[in-house]
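This report refers to the structure that appears directly beneath it.
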Amino acid sequence: MSKELAPDVVVTIKELIAIISGFEENTEHFAHILKYFTAKLKKSDTMYFASKREIDNNISGMSEKFCFHGFFPQSNALSAAYKTYLSELLPKSEMMSRLNVVKFLLCLSDSPTKHFLENPELHAEEPKPKEECDIDWGAYLNAGVEPWTPNFDETSEDDSDSSLHDERSGELSEDFNGETLPIQIKSVERICVMDLKFKREELLATIQHSWYNDDSFMMRPKSDWREANIGILWEEYLQDQFQGLASLKSSSIISEYKVIREILWQIWKPHNSCTIQLVGNSIKPRPDVSLASIRSYAFYNYMNEFLSYIELMDLFRKFDNSLQEDVGADMICRTYQSYGSSIRKICDPIYKRLSELEDTVRQQESTFTLLNLASELRIIMQPLKILKDIHDQVTIDYIKNSPLNCATILIARLHESLSFTTNKLEQDLKLTLFIDTVFYYISLVDSWLMGDDLADYAKEFVVEKIVNSDPRQAQFVAKNNVSDHCRTNTFLKIFMDQILTVGRNISFLRLLGQYDVIGDSQEPIYNEFLREIFKELQTFPNEKDESTEMKHKELTHGVSREHYIFPVVETGICRSSLDMQKQESLVDVEDGFLMAVFADFFGTKPEIEPTKSEPTLYEKITNSTTGLCPNVNFFETILLNIIERRFTVSGLMVKNLLIEEHLLEKQFQYLRHLYLFFDDIIFPFYRRLFEKNEHSRKYWSNTIWLTSHLQDIFMDMYPEFYEKCSVQVKDELALCADSNWSFNLINVNYDMPWPISIIINQQQMESYKMIFKFLLNLKWALYTVNHLMFTDMQPKAIYGKKTQKSSKVENSKNKITGNLFRLKFSLINILNNLQHFVFGYVFQKNLLQFELEFEKAYDLNSLIKSHDGFIRCVSGAIEELQYQMYEKDKNNNIFVCIKLLKLMWDNSRYATLERIIECDKIYNTFFTDISRIIFPNYVYDY
């Protein structure tokens, strides 16, 4: 469906046609062009948006078409003009506008190569003006000097040289005719005579095909490029042979030299070219190209030999480029970047070898075919094939997985793969990758331990720092979301165990202001780690090639001396007797000014060896190993030795500082006396508390009074700590109202000073408070039962007279009293046994273990573990006893039994048989449950 064009569009088209074509608006040619493009635009149903990739392909195709027909200047001019017009720095709006202009120009171009072929005289290349060259100092110095042509003897080697070529001018002798005589080519060392006609016939005879050996053929010069004309005749020959029996797709005939060069270029970066095309994300050889002596289908299949190399280099190139920038808000795993850097360093020498191979091909000093190229690439690319297999085994998608998983899985897999190598090349590659990959981890350890900076921005390190409200209470812990497989890896366990422990010690010492532990070592840990690895590798047998070293020394010695060019000779040394006859032509080497000014013309300077760059890690490892090493998993030992050698003293310094300056051992003793009732030093406090509770009904539970009383007890023994403890009553009214129950409402608080709070944290202090409440309740129970006096159960006289009761009532009274006595003694017995079990077994056993572990502790972590193990065991045992005493049944527990017993003991009216039976049931249940804990049965096998 056609549509009318806007007036401004028509005006713009007319202006563009007038500028490009040069025709006036009212001429016939102008009207023809306008009609053609107006019809094209009217038939367009939608707006056209030019694609730069499409335009690039069109320009590239047109440029190649110019080259195919031999118009190389026009091809270069087209490419240069296109790149200038569409610069990469243009804004997007301007880029789209210019793309549409180029698209319009492409529509205007109608068979440009045909136009060039029909009118070659219109496009003749103008001769370029000769550029001004540098001054020929040799000719300038020889101006006016008579040429020297000495008569050498017949045996002289220079006789033939002087007859064929003039040494001074370097031109061919005038007596030789280039059309009839062979061409003499003088090399640096000698003169070679080459018959080009004979060589050409010999070369054509080697091509085994009748078409090339035909006696005569007609060549139509359609191009200045001879190979292009041969390709055209070859296509016509094939069509003539088939006589239309089979449809042949016309293929482009290109030279083998161009195919080799393009394969090498494709390895550097895949792109659309004469031999290779990009189809989506795949790289395919073009099916419509061939060599002159190979069928197109066979050539297409053979080109697949090189696709694997192109794809291999492109894979690692894309992987390296993808690691250069962070993806979105997430940061790329730095360990992967170290791994990618290692791959890049392995690929760099391969790129260098490819560059040298391309130079060899380009110089054309020897025959180089596609078979030679395939053989060379098979050797050069061998490391990359093995590297590709390793890469697929050890890497995961770093975009879909967290940096922590990526880093740990990569390190663990590389470390484990070292034990499974089949040849030296694979071993060297794995060693290189692993050493480079752990660079970030070891550098982070160096930054943490030496600079107090654990800056893990990508969150990939196995250790993290947890910062609380108080910076001094910051904790370093191993991350929990590390996979089980990586957590068991021996190399990663060093970071989660030993290095974490050392890091805690160093950070703690820094908080205390102690920096001596760091030492004077300025060498990074990774450098020392690398040096120790090479020391270990050198312990394996390594034979050096002495002949190669001797050759290198001889070569170096040979080029170390400067050589003079004749006629410059040293004083007293002449080439022959005839030299003495031409003393005026000799140069005096003793004239220092002359030799300095014209040094470049008088002598050949010694070759200076190029400065060798520092060998890469892969090259160092390759040179250090001569075969498969029996065991290359020595990295754990090396890293542990470095950490221990540098930071072992840190743990002992932590322990000594805590004991000597912060009284850690005395702090432990104070906690045992305060909370665990050791040595019963706290006896005055709880005894007076029970007495007040027993005889007073006023507000005896005053926080200030209780705190003062507790501090008075420890004032003399612990003057450093006693002021930091206090007694707190949650609800004084509730405690007074139910004073016969328990003392769970009383808390003894202690403000643990820093840095002891790192060893004894707040959670452990809560365990101490729980044990204190249990022991206080146990002491109250024993105090209450022990203070049930027998005299309180005797019958009381009224006004000095004994009451007279019947024998039946008396017997009942005696029976109840006897039951109360038995219950009292039973309770005293079980409570005493319980107290002995707690103090004599639970406390003493765990205290001995704690003192042993504390004595063996050598760093902050072992100190924390020793106390943590002690308080965990003690609090666990107390929690079980507490559960059996009153938490299992809050309405019928041993404290209820004691409360009922005291009630019946104090007032006989409540002493009924039913209550006694109820108390007996509570006691029997408690005795049964507690006996299996405090009276364990052991079975001995004799």
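Numbers here simply count residues along the sequence, with the first being 1.
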Query raised in the report: Looking at D392 and K388, does any basic side-chain N land under 4.0 Å from a carboxylate oxygen?
Result: yes
Query raised in the report: Counting only heavy atoms not in N304, do more than 12 fall under 6.0 Å of its CG?
Result: yes
Query raised in the report: Strictly by modelled atom types, are Y750 and Q667 linked by a side-chain donor-acceptor pair under 3.5 Å?
Result: yes
Query - Exam field: side chain K865 to backbone E853, donor-acceptor pair closer than 3.5 Å - result: no
Query raised in the report: Looking only at heavy atoms, which two atoms of A455 and L444 are closest? And how far apart?
Result: O-CD1, 3.7 Å
Query raised in the report: Nearest 0.5 Å, what's the CD1-CG distance between I756 and L664?
Result: 4.5 Å
Query - Atom pair CD1/CD1 of I871 and I771 - distance to nearest 0.5 Å - result: 4.0 Å
Requested in this report: Might you confirm whether atom CZ of F839 has over 12 heavy atoms from other residues, nucleotides or ligands at distances under 6.0 Å?
Outcome: yes
Query raised in the report: Any sub-3.5 Å donor-acceptor pair from D453's side-chain atoms to S447's backbone N or O?
Result: no
Requested in this report: State whether the side chain of T501 and the backbone N or O of D497 hold a donor-acceptor pair below 3.5 Å, judged by distance alone.
Outcome: yes
Query - Member of F434, F634, Y441 meeting the ring-ring contact (aromatic ring centres under 6.0 Å, His included) criterion with H415 - result: F434
Requested in this report: Give a yes-or-no answer on whether the side chains of T625 and D428 include a donor-acceptor pair shorter than 3.5 Å.
Outcome: yes
Query raised in the report: Counting only heavy atoms not in K493, do more than 12 fall under 6.0 Å of its NZ?
Result: no
Report task. Assess the side chains of T395 and Y339: does a donor N or O sit below 3.5 Å from an acceptor N or O? Result -> no
**Report entry** Crowding at NZ, K385 (>12 non-hydrogen neighbours, <6.0 Å)
**Finding:** yes
Report task. Would you mind reporting whether S875 and M770 have side-chain heavy atoms less than 4.5 Å apart? Result -> yes
Requested in this report: Before accepting this row, confirm whether a basic side-chain N of the pair K535/E528 lies closer than 4.0 Å to the acidic partner's carboxylate O.
Outcome: no
Query raised in the report: How are the rings of F495 and F491 set to each other: parallel, tilted or perpendicular (split at 30° and 60°)?
Result: perpendicular
Query raised in the report: If you round to the nearest 0.5 Å, how far is CD of E460 from OH of Y440?
Result: 4.5 Å
Query raised in the report: Quick one: are the ring centres of F850 and F668 less than 6.0 Å apart?
Result: yes
Query raised in the report: Between E665 and Q669, is any side-chain donor less than 3.5 angstrom from a side-chain acceptor?
Result: no
Query raised in the report: Does a side-chain heavy-atom distance below 4.5 Å link D389 with E426?
Result: no
Query - Close side-chain approach of Y309 to L384, heavy-atom, < 4.5 Å - result: no
Report task. For K479 and F461, indicate whether the former's side chain and the latter's backbone hold a donor-acceptor pair under 3.5 Å. Result -> yes
Query raised in the report: Are any of the side-chain nitrogens in D314 or R317 under 4.0 Å away from the carboxylate oxygens of its partner?
Result: yes
**Report entry** Donor-acceptor under 3.5 Å (N656 side chain, L652 main chain)
**Finding:** yes
Report task. Check whether the side chains of D446 and S443 place a donor and an acceptor atom closer than 3.5 Å, and report yes or no. Result -> no
Query raised in the report: Do the ring planes of W448 and F476 sit parallel (below 30°), tilted (30 to 60°) or perpendicular (above 60°)?
Result: tilted
Report task. With rounding to the nearest 0.5 Å, note down the distance linking CG in N861 to CG in L500. Result -> 7.0 Å
Report task. Kindly compute the distance separating CD (E536) from OG (S624), expressed to the nearest 0.5 Å. Result -> 12.0 Å
Query raised in the report: Quick one: OG1 on T422 to CD on Q427, what's the gap to the nearest 0.5 Å?
Result: 10.0 Å
Query raised in the report: Is there a donor-acceptor pair under 3.5 Å between the side chain of T622 and the backbone N or O of Y618?
Result: yes
Requested in this report: State whether K769 and E766 are salt-bridged, where the test is any N-O pair (Lys NZ or Arg NE/NH1/NH2 against Asp/Glu carboxylate O) under 4.0 Å.
Outcome: yes
Query raised in the report: Is it true that atom NZ of K666 has more than 12 heavy atoms of other residues, nucleotides or ligands lying nearer than 6.0 Å?
Result: yes
Query raised in the report: Do side-chain atoms of R487 reach the backbone of N480 as a donor and acceptor pair under 3.5 angstrom?
Result: yes
Requested in this report: Please tell me if the side chains of P755 and L658 come closer than 4.5 Å, counting only heavy atoms from C-beta onward.
Outcome: yes
Query raised in the report: Tell me, do E464 and V477 make a side-chain contact under 4.5 Å, heavy atoms counted?
Result: yes
Report task. Give a yes or no on whether R872 atom CZ has more than 12 heavy-atom contacts from other residues, nucleotides or ligands under 6.0 Å away. Result -> no
